[in-house]
Chemist: 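Once you've had a glance at the structure underneath, I'll fire off some questions.
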Amino acid sequence: MRSFEMEQKTTRDAFGAAVYDLAKEDPSIIALGADTTNNLGMGPMSQEIPKRVINVGIAEQNMMGIAAGLAASGYRVFAGSFAPFVAMRSLEQFRTFICYPHLNVKVAGGMGGLSASNEGVTHQCPEDFTIMRSIPGNVVVYPADTASCKVIVRELNKHDGPAYIRLGKLPFRKVFDENYHFELGKANLLEEGTDATIFCNGTTVSRSLQAFDVLREEGISVRVMEMPCIKPLDEEAVLNAAEETGAIVTVEEATILGALGGAVAEVLGENHPTIMKRVGLNDCFGESGELEELMDKYGISVESIVSAVKSVIARKR
Amino acid sequence: MLDSKQETEFEILAAEIRLETFRELAELGFGHIGGAMSIADVLAVLYGGVMKIDPENPAWEDRDYFALSKGHAGPAVYAALALRGFFLKEQLKTLNKSGTMLPSHCSRIHTPGIDLTTGSLGQGISTAAGAALASRILGGDNYAYCIIGDGECDEGQIWEAALFAAHQKLDHFILFVDANKLQLDGPVAEICCMGDIGEKFRSFNWHVQTVDGHSVAAIYRAIEAAKAAVGQPSVVVLETIKGKGCALAEEAAAKGQGIHHMLFPDQETNRREIARMEQVVSDLKAKRGSR
């Protein structure tokens, strides 16, 4: 089973650095934080171009409105705070004043999923995908590591309209390098296989690849696809996987209700009913603890993925 | 300085805004008459000359920005926009109807002249502050104007934005509080008493004025004073009467009936009200002609 080294930097650092790189080339880029500018990696940009890093204070709802006003005036805004506060506390502001007018505001949710780890349930947000994908016109992405995060931020900036990008807290495992390819609404094929397909993103990519290795040892051939965009979803990749491998497993550090697994199930249910299994938080809150421990405890372990793959393959026979 | 000719022009526009707003709501049969009527005068001053706008080019980059934070009074803004030529007055008849460019609450993507989507209370103040911030960073001379209600000040986000605008010294941000003293459920003072709103903003380091919200001259002077206040945002508390200038609404309010949202089912009564409002407009125009 392959192993992945832990990164030095976080996806929050990568996000801030990527926004800064964009800002150097484009004067219309502006960054906002709610007492979270340093936390979201905007520190270096703030020191060099302080006029374009605005700290609105601990006021996420106001931040969304300020972001809307700046975007309505022509700015391309990158705003962020912690996932539960942007995906829940200021959700209405994001939905009605940014998404409804389809403004250029990309919102980062740091400490998304379970990654707030020791901060506990108040700061965790495994519900963010489900909530954010329900809003018309919104884009929802989850980078797996720093290299892919930088590429994703750069590509997202080319998209006119709102987006939500989930970030972690501590460093993730390194999966990709600077050659990472991102296309909005497209999955990335990581491993080819014929017996089943795993769709994963973010922190579950490394685990899914490890599950691939375990299954290969046992003679089971699994396709592994990274699905960085929960929305728009690569429906073609889902339907091809259903057609070609006949069994699907979704793996995510999120609730299984209405997130990546839900999105995939919707596509399959309407177009190509296929045996599938959703691996993720099973309608429960997390708790305080280290991220990797929590993922193991809440059913997102390599063993759980292996077991889910075997179960869908068994059911299709 | 405001000369008497311009003052009369503002008064005529205010009367026309009231008339067209009433026509919109009567056509629909219901609507937020009270809070629309109470802001007609400030809208007349803003759209009648103070705001830099170009009906031929709503996206003109030197324009001023406006957010009707109390977005339910949108029909009054639509009346002002139509009267200024952003779109044909005929469009006003489509208010709230399927396919309209004039939704109940203001929408950036539907209506020429609307820059900032509003509707849910407590929000427009933040988006307007964002526009004022953009103007300052860009070094432009665009002003951002915003109208909130006194009941709307219950919303916590009003005070988040107030703190932010003062901290950022947004002196191109001019906020109006339509202090009509009534909210959906009844008197503001009885529901969650705001006390002295002006003092609250003063404590947030805003430049504060309180004026008669139905005096176009007082509103105009307040805007001039607000523009002269450097280094801080300005709030003008408009002492207003909910339903002002609409006899039907004023009479209902006098009987203690709620006029936040009113039904207009009686065509004959509507015709009388429209005739009365038309008379107000013609009297003002006669005053202009006789000068």
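Letters go in sequence order (proteins before strands), and every chain restarts at 1.
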Chemist: Quick one: of B:Ala67, B:Ala131, B:Gly119, who has the most non-hydrogen atom pairs under 4.5 Å with chain A?
Modeler: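 Highest number of heavy-atom pairs under 4.5 Å: B:Ala131.
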
Chemist: If you look at every heavy atom in B:Asn142 and B:Glu61, which pair is closest and at what distance?
Modeler: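 Answer, listing the atom of B:Asn142 first, then B:Glu61: ND2-O, 2.9 Å.
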
Chemist: Is it the side chain or the backbone of B:Ile158 that comes within 4.5 Å of chain A heavy atoms, both, or neither?
Modeler: neither

Chemist: If you measure only the distance, is there a donor-acceptor pair under 3.5 Å linking the side chains of A:Asn62 and B:Ser126?
Modeler: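 On atom types as modelled, these side chains qualify, holding a pair under 3.5 Å.
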
Chemist: Among B:Leu133, B:Ile125, B:Asp115, B:Leu116, who wins on heavy-atom pairs under 4.5 Å with chain A?
Modeler: B:Leu133

Chemist: With a 4.5 angstrom heavy-atom cut-off, which part of B:Ala161 approaches chain A: side chain, backbone, both or neither?
Modeler: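 Both parts, backbone and side chain.
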
Chemist: Specify which of A:Gln93, A:Lys51, A:His102, A:Met63 makes the most heavy-atom pairs with chain B at under 4.5 Å.
Modeler: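 Result: the option with the highest number of such pairs is A:Gln93.
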
Chemist: To check you understand the geometry: which heavy-atom pair defines the closest contact between A:Phe15 and A:Leu40, and what is its length?
Modeler: CD2-O, 3.6 Å

Chemist: Can you tell which part of B:His110 gets under 4.5 Å to a heavy atom of chain A, answering side chain, backbone, both or neither?
Modeler: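 For B:His110, the contact with chain A is made by the side chain alone.
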
Chemist: What part of A:Leu32 lies closer than 4.5 angstrom to a heavy atom of chain B: side chain, backbone, both or neither?
Modeler: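 Neither part, no heavy atoms under 4.5 Å.
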
Chemist: Which atom names give the shortest non-hydrogen contact between A:Thr146 and A:Lys9, and what distance separates them?
Modeler: CG2-O, 3.4 Å

Chemist: Carefully, step by step, assess B:Phe201 and B:Trp159 under the rule ring pair (Phe, Tyr, Trp, His ring centres under 6.0 Å).
Modeler: CA-CA 9 Å; B:Phe201 275 97; B:Trp159 306 103; 4.8 Å; yes

Chemist: Between A:Tyr75 and chain B, which part of the residue has a heavy atom less than 4.5 Å away: side chain, backbone, both or neither?
Modeler: side chain

Chemist: Distance only, no hydrogens: is a donor on one side chain within 3.5 Å (strictly under) of an acceptor on the other, for B:Arg63 and B:Tyr65?
Modeler: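 Yes, side-chain donor-acceptor contact under 3.5 Å.
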
